[in-house]
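These numbers come from a predicted model, not from an experiment. No hydrogens, no waters, no symmetry mates; every other heavy atom, side chains included, goes into these values.
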Amino acid sequence: MSTVCRLMATISNSLSLKHGYSLNSSSSSFSLSKFHSKPSFIASRTFNGNRSFSIAASSSFSNDNREYVIVGGGNAAGYAARTFVEHGLADGKLCIVTKEAYAPYERPALTKGYLFPLDKKPARLPGFHTCVGSGGERQTPEWYQEKGIEMIYEDAVTGVDIDEHTLQTQSGKSLKYGSLIIATGCTATRFPEKIGGNLPGVHYIRDVADANSLIESLKKAKKVVVVGGGYIGMEVAAAAVGWNLDTTVIFPEDRLLSRLFTPSLARKYEELYEQNGVKFVKGAMIINLEAGSDGSVAAVKLEDGSTIEADTIVIGIGAKPAVGPFENVGLDTTVGGIQVDGLFRSRVPGIFAIGDVAAFPLKMYDRVARVEHVDHARKSAQHCVSALLSARTHTYDYLPYFYSRVFEYEGSQRKIWWQFFGDNVGETVEVGNFDPKIATFWIDSGRLKGVLVESGSPEEFQLLPKVAKAQPFVDKAKLQSASSVEEALEVVRQSL
């Protein structure tokens with residue numbers, strides 16, 4: 001098996017929902033007078049159960065020292081900033097350091113609305129800055145400046161001195177912190193350079209710069225290959241259809257989104273994509289990406305000896321936590337990421353981790369998880385900061401939630417939006433014919449553990465988290481005999 005074959009197979013296995021949810025400039029400057037004169041005492045419980053205290057004495061901070069520092073510029077950082085503002089502890093006390101050139105934004109837009117064809121009203125900044133995704137105030141760069149939050153853009157953190165409470169950045173800055181929140185998210189898993197992973201025309205999507213580069217390729221593309229049958233693959237392929245491009249999706253599994261979809265459900269989505277002209281190559285192993293005479297990517301070579309022509313290739317085979325310089329904070333060896341407790345405290349007093357990079361106790365299922373999802377990014381940020389700034393001590397109790405939206409651009413024959421809540425364990429019951437909706441229920445030992453609904457109404461979607469959280473006993477026979485999604489959901493509603 002080739003290096004890439006093993007890589008894709010390993011990623012596919014590691015992403016199972018059942019096993020850990022692996023699933024240079026500053027916008028403003030601040031003077032000493034903007035900091036409170038009283039020291040701030042921050043309680044932190046260590047992992048052996050003993051309580052320790054780190055003391056952040058704001059009055060001793062200089063212009064280059066910050067009481068609270070967030071590393072990362074994604075959604076988790078944006079929602080954490082909002083929570084600091086809500087507690088009245090942002091102005092002159094909070095600094096965000098990001099390697100990107102933009103204020104935090106709703107990252108899911110990059111593989112959805114951002115990739116819409118240029119004549120179909122694609123999403124663009126500042127339209128999807130945090131927190132528009134949850135209906136909150138749009139946090140533009142001006143918002144951070146107005147709230148007294150220091151933003152350091154395009155300057156990645158390269159090191160942390162735990163004993164000295166100091167960060168080092170790529171530009172040479174040295175930042176003192178009282179409390180540190182790591183919100184660095186994930187990085188895209190890449191193909192090795194030796195088999196063409198860095199050829200011109202090969203794309204990965206994690207930030208706006210990546211999406212901009214892909215759009216430039218789509219403008220000129222004729223044949224697109226998407227590698228990966230997960231969320232990224234499905235969303236990018238749907239966007240490519242909008243550009244009227246010859247689109248092929250390649251993946252090593254036997255069906256789309258195999259970590260969640262049942263074989264029956266996956267087949268229905270595959271048929272929908274095929275009706276839109278998308279071709280699938282399943283169970284495929286890639287040997288390498290081949291370059292053309294101009295040095296740009298020209299084809300994908302498969303293990304069976306066949307080749308698929310492509311002038312644009314998008315790799316969507318998973319991501320890995322961006323632990324970077326923070327490995328000494330303490331990593332989880334099972335799901336990856338920085339190990340934290342139910343209040344997002346790491347093993348090091350005064351250091352926290354939130355969002356994709358945090359390996360946290362998934363309370364309701366009694367296991368450690370790392371969740372790569374915008375909903376968790378928002379909620380973990382809010383929970384962590386509220387616990388840090390108040391006497392709040394109840395642990396994070398997260399309900400896993402996943403969704404996707406595809407074919408939503410103007411002119412699409414059918415717009416798709418599904419939501420899943422809970423855990424995909426046990427037997428499944430499928431109701432509906434996918435025209436226009438379908439529901440899948442996961443039942444384990446008589447209890448409803450998870451539910452997915454496609455094309456549901458707002459009221460139906462609102463029911464899903466309630467039942468997934470309650471895990472009620474449900475009559476499987478009644479679900480199986482339901483003649484419609486609406487009837488099945490009423491059976492579930494009555495079981496609460």
Query raised in the report: If we only count heavy atoms from C-beta on, is the Y231 to L257 side-chain gap below 4.5 Å?
Result: yes

Query raised in the report: Looking at the rings of F402 and W418, which for Trp means the six-membered one, are their centres under 6.0 Å apart?
Result: no

Query raised in the report: Going by atom types only, do H203 and T312 share a side-chain donor-acceptor pair under 3.5 Å?
Result: no

Report task. Answer yes or no: is there an ion pair linking E327 with R347, defined by an N-O contact shorter than 4.0 Å? Result -> no

Query raised in the report: So, for H376 and Y396, is the gap between ring centers shorter than 6.0 Å?
Result: yes

Query raised in the report: Does K466 NZ have over 12 foreign heavy atoms under 6.0 Å away?
Result: no

Requested in this report: For atom NZ of K282, decide whether the heavy atoms of other residues, nucleotides or ligands shown that lie under 6.0 angstrom number more than 12.
Outcome: yes

Query raised in the report: Taking atom types as modelled and ignoring hydrogens, do the side chains of T98 and E100 form a donor-acceptor contact shorter than 3.5 angstrom?
Result: no

Query raised in the report: Looking just at side-chain N and O atoms, do Y204 and T189 make a donor-acceptor pair shorter than 3.5 Å?
Result: no

Query - E253 (side chain) donor-acceptor with G283 (main chain) under 3.5 angstrom - result: no

Requested in this report: Can you run down the ring pair (Phe, Tyr, Trp, His ring centres under 6.0 Å) pairs that involve residues 82-112, sequence neighbours left out, and say none if there aren't any?
Outcome: Y68-F84, Y105-F128

Report task. Could you tell me whether the side chains of R66 and Y177 share a donor-acceptor contact shorter than 3.5 Å? Result -> no

Query raised in the report: Does the distance from a Lys or Arg side-chain N to an Asp or Glu carboxylate O, for D356 and K320, drop under 4.0 Å?
Result: no

Report task. Establish, for the pair R255 and F261, whether the NZ or CZ atom is under 6.0 angstrom from the six-membered ring centre and no further than 45 degrees off its axis. Result -> no

Query - Cation-pi, Y403 ring and K112 (6.0 angstrom, 45 degrees) - result: yes

Query - Side-chain touch I313/V224, heavy atoms, less than 4.5 angstrom - result: no

Query raised in the report: Mind checking whether F344 and F352 have ring centres under 6.0 Å apart?
Result: no

Query raised in the report: Is the shortest distance from a Lys or Arg side-chain nitrogen in K99 or E154 to a carboxylate oxygen in the other one below 4.0 Å?
Result: no

Query raised in the report: Is there side-chain contact between V425 and W442, with at least one heavy-atom pair below 4.5 Å?
Result: no

Query raised in the report: Can you tell if the side chain of F280 reaches within under 4.5 Å of the side chain of L256, non-hydrogen atoms only?
Result: yes

Report task. Answer with yes or no whether the side chains of N424 and R259 bring together a donor and an acceptor at under 3.5 Å. Result -> no

